[in-house]
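Not measured: the values here are computed from a predicted model.
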Amino acid sequence: MIASWVGHQALGPFSKALPDMGETERAALEAGTVGFEGALFAGQPDFDRLLAMAPNRLTPEEQAFLDGDVRELIAMLDDFAIDEAGDLPPEVWQLLRERRFFGMIIPRERGGLGFGHFAHAAVVTRIATVNVAAAVTVMVPNSLGPAELLLRYGTDAQKQHYLPRLADGRDLPCFGLTSPYAGSDAASIPDTGVLTEREIDGRTVRGFSVRFDKRYITLAPVATVVGLAFQAVDPSRPEGQQQLGITCALIPVPTPGLRIGRRHRPMNSAFMNGPLHGEDVFVPMDWVIGGEARVGQGWRMLMECLAAGRAISLPALGAAQQQTALYVMNGYGRIREQFGLPIGRFEAVAGLIARTAADLYACDAARRYTAAALDAGERPSVASAILKVQLTEAGRRAVNRGMDVLGGKGIISGPSNLLGVAYRHAPIAITVEGANLLSRALIIFGQGAMRCHPHVMDEMAAVQAKDETALGRALLAHAGHVMRNLGASLFGAGLKGRVPEGLEKEARLIARVSAKYALTVDLAMGLLGGRLKRMELLSARLGDVHSHLYMAAASVWRFHVEADAQMLPFARAAIRFQLEEAAATLRELHANLPSGTLRALSPLLLHGTGHLAPLRDRDVIALADALRKDSSLVARLCPDVATPASGGLHDLAEALRLADALGDEVHELNRALRRTHSLQTAAAAARDPEAALAYLRAADKVIQVDDFPAR
């Protein structure tokens with residue numbers, strides 16, 4: 001009775017307050033599944049549930065591929081030469097095809113490698129530490145594109161024909177979605193396919209005459225099969241019913257009317273990217289992915305695939321940038337001396353190294369946790385957006401910090417440069433598969449509010465069905481939810497579940513900030529209603545807080561599954577930094593809410609967030625000192641950093657290997673070199689002059705930069 005009365009009173013106001021939602025937006029919001037990120041959004045994290053996620057595991061075949069095929073590929077990659085040439089060498093293309101790098105996600109019975117998500121991510125990450133162009137070339141066929149769409153939605157005939165050809169590289173795919181006038185608003189693509197019939201080989205064939213103009217399409221210049229998204233139209237239907245919806249199809253190359261082969265140069269990178277154009281391209285129904293039954297379902301198909309794919313490829317690039325930058329910063333900080341000391345000992349440099357290490361621990365924790373969820377059968381759409389935004393941004397931050405540490409060494413182009421190409425590439429990942437600027441508000445928070453909140457979807461469904469009783473029940477449950485989070489915000493949230501020894505305090509802080517966040521979300525949605533959708537600065541902040549909570553919680557999981565006591569200081573630092581970011585963002589958000597009443601209550605609601613300060617300077621310096629003195633810690637944080645056959649990264653790895661063998665004698669050698677200005681003389685007095693000279697030469701090679709003939 002109470003529920004019916006509440007629903008009756010609320011139905012009118014709620015019908016007006018809830019934002020309008022189109023079918024394409026609904027498909028995006030409903031894609032994927034919800035995991036632990038839902039518990040954080042609701043303010044009720046259960047750490048037993050978090051720690052129940054199994055650790056990442058590689059099969060023997062996956063490990064062998066990483067140790068063998070990937071290592072062989074990396075030995076063929078010369079970052080500077082590939083960058084200068086603007087393409088991968090022919091022998092690299094051949095190896096990628098022969099070893100089925102393009103078929104990692106395709107099952108073995110279809111000719112592929114049948115790898116899991118964690119293995120797929122590990123391969124891309126390892127390649128990207130050496131050469132981004134090769135990593136992008138590998139990741140695209142295994143990410144959002146024809147293979148995954150075919151696996152999930154293709155007809156048996158399409159799977160039988162295309163999957164073996166995609167797996168062994170006979171066909172190289174691209175996927176055309178973005179148009180000049182439909183970028184972030186991809187659902188509004190203007191490319192149209194008009195239902196028609198054509199006479200082919202003496203028989204009448206139903207299909208679409210498609211006109212399209214696509215850009216930013218990776219692998220387009222070299223593709224042999226084009227995946228295409230277009231708006232299907234049936235002009236024979238009555239007015240208002242002619243739009244059939246977004247449809248996905250496969251077009252073999254060449255096909256009459258299809259123009260392909262020109263290149264874009266994203267930040268002058270060597271990976272293939274370019275436009276696609278089509279005029280009156282006839283697409284038979286057999287070319288529609290899933291056949292005629294799937295006409296108009298393309299947007300939902302794409303969103304469901306992206307719910308998983310967004311968590312793999314671009315986060316792998318971000319992880320590679322972070323790992324490489326930390327390895328370079330720490331290594332160069334050990335070798336390069338100024339004012340008689342290794343520059344890594346100066347606090348300004350040490351602070352950057354420590355912060356990058358803590359960021360990397362949290363980011364890799366979230367990446368690994370989400371990969372474990374994917375391998376367990378989940379499709380976490382909100383978590384995948386968190387990963388895409390946070391890891392690509394963290395990769396950019398890490399490379400920027402690395403450039404600061406390298407100084408002049410970092411800005412001189414040439415084979416010896418350690419981060420210059422990565423610095424130029426960093427903005428690319430920020431903009432694709434959902435630009436970060438919009439993803440924070442529209443996906444992480446917008447989709448999160450619908451999918452992760454325990455009651456909002458029920459309320460929306462009840463309003464749409466005009467079911468007063470169901471709406472009343474949902475609202476009463478929602479009120480109880482708000483009161484629980486209010487109590488936890490004011491008086492402290494209890495710790496639900498067990499956590500690893502040493503992280504109990506951090507886990508309680510996660511629970512408390514989670515409750516404050518959940519309460520803030522409800523207050524913001526309650527006060528602002530549908531307006532919140534348009535207030536992107538506020539909703540982006542709400543998305544950011546959710547992201548930082550997810551990264552902090554994943555760090556707890558990582559420390560649990562790795563059970564590595566030496567990494568406890570890094571786990572603590574990672575969680576503390578993420579929570580400080582979350583709390584600072586919450587305070588910013590409250591200060592900007594357009595409600596004087598709520599701003600007046602903010603000091604009470606945010607009570608306790610001022611005590612979430614990150615580690616003290618001495619703790620940060622201790623992290624950097626530990627990394628400088630113990631190479632094994634760097635190896636554990638940067639397990640995917642690979643050593644190429646030549647170039648700056650190879651030279652740095654060799655110098656560090658020799659430095660580790662010499663131990664404390666390195667500092668004395670450098671002092672002798674400053675005094676004598678001679679490598680041979682400085683090495684002569686060492687315990688092992690030959691080893692000392694080898695180190696000094698290797699270190700000098702790292703310090704030097706490239707020069708070229710004047711033009």
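Between the side chains of T520 and H590, at least one donor N or O lies within less than 3.5 Å of an accepting N or O. Using modelled atom types, one finds a donor on one side chain and an acceptor on the other under 3.5 Å when comparing R636 with Q566. Side-chain N/O atoms of K516 and N485 include no donor and acceptor closer than 3.5 Å. Side chains of Q63 and D67: a donor on one and an acceptor on the other come within 3.5 Å.
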Is there a salt bridge (charged side-chain N to carboxylate O under 4.0 Å, His left out) between R334 and D660? Walk through the geometry before answering. CA-CA 10 Å; R334 289 175 56 191; D660 286 339; 2.8 Å; yes
Working for salt bridge (charged side-chain N to carboxylate O under 4.0 Å, His left out), residues K496 and D48: CA-CA 7 Å; K496 190 174 182 182; D48 282 341; over 6 Å; no
List the steps, then state whether side-chain contact (heavy atoms from CB on, under 4.5 Å) holds for V123 with N142. CA-CA 11 Å; V123 170; N142 291 288; over 6 Å; no
Please report the C-alpha distance between R401 and D359 in whole Å, then the side-chain angles of each, then the deciding distance to 0.1 Å, and finally whether the salt bridge (charged side-chain N to carboxylate O under 4.0 Å, His left out) criterion is met. CA-CA 12 Å; R401 290 169 181 157; D359 279 353; 3.1 Å; yes
Salt bridge (charged side-chain N to carboxylate O under 4.0 Å, His left out) between E304 and R310, worked out: CA-CA 10 Å; E304 288 174 353; R310 196 186 261 128; over 6 Å; no
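Considering only heavy atoms from C-beta on, Y327 comes within 4.5 Å of L656 through its side chain. Counting only heavy atoms from C-beta outward, the side chains of R628 and N330 approach each other to under 4.5 Å. The shortest side-chain heavy-atom distance between R541 and N592 falls under the 4.5 Å cut-off. Using a 4.5 Å heavy-atom cutoff, the side chains of I335 and L652 are in contact. With contacts defined as side-chain heavy-atom distances shorter than 4.5 Å, the pair E393/I430 qualifies. The closest side-chain heavy-atom distance from S547 to Q578 is not below 4.5 Å. The shortest side-chain heavy-atom distance between P380 and E37 falls under the 4.5 Å cut-off. Inter-residue side-chain proximity for F559 and Y361 is flagged as met; some heavy-atom pair is nearer than 4.5 Å.
In plain terms, the two heavy atoms of T125 and Q323 that are nearest each other are CG2-NE2, 4.1 Å. Residues P315 and L391 come closest through the heavy atom pair O-CD2, 3.4 Å. Looking at every heavy atom in both residues, S313 comes nearest to H120 through OG-NE2, 4.3 Å. Shortest non-hydrogen contact noted between L374 and R379 is CD2-CA, 4.3 Å. When all heavy atoms are compared, the tightest approach of I74 to A642 is CD1-CB, 3.5 Å. Between G497 and D46, the closest heavy-atom pair is CA-OD1, 4.0 Å.
With values rounded to the nearest 0.5 angstrom, M551 atom CE is found 9.5 Å from D364 atom CG.
A cation-pi geometry, defined here as NZ or CZ lying under 6.0 Å from the six-membered ring centre and within 45° of its normal, does not hold between R49 and F36. In this structure, R57 is not positioned above the aromatic face of F118 in the sense of NZ or CZ being under 6.0 Å from the six-membered ring centre and within 45° of the axis.
R355 and E581 are joined by a salt bridge, as a carboxylate oxygen and a charged side-chain nitrogen come within less than 4.0 angstrom of each other. A salt bridge links R367 and D640; the closest N-O separation between the charged side-chain nitrogens and carboxylate oxygens is under 4.0 Å.
Not a single donor-acceptor pair under 3.5 Å links the side chain of K388 to the backbone N or O of A435. With E62 contributing its side chain and T59 its backbone, the two residues share a donor-acceptor pair below 3.5 Å.
By the neighbour-count criterion of 12 heavy atoms within 6.0 Å, atom CD of E347 is sparsely surrounded, having that number or fewer from other residues, nucleotides or ligands. More than 12 heavy atoms of other residues, nucleotides or ligands shown are found within 6.0 angstrom of CG on L341.
With Y550 as reference, T370 is the one residue of T370, I510, V382, I444 to meet the side-chain contact (heavy atoms from CB on, under 4.5 Å) rule.
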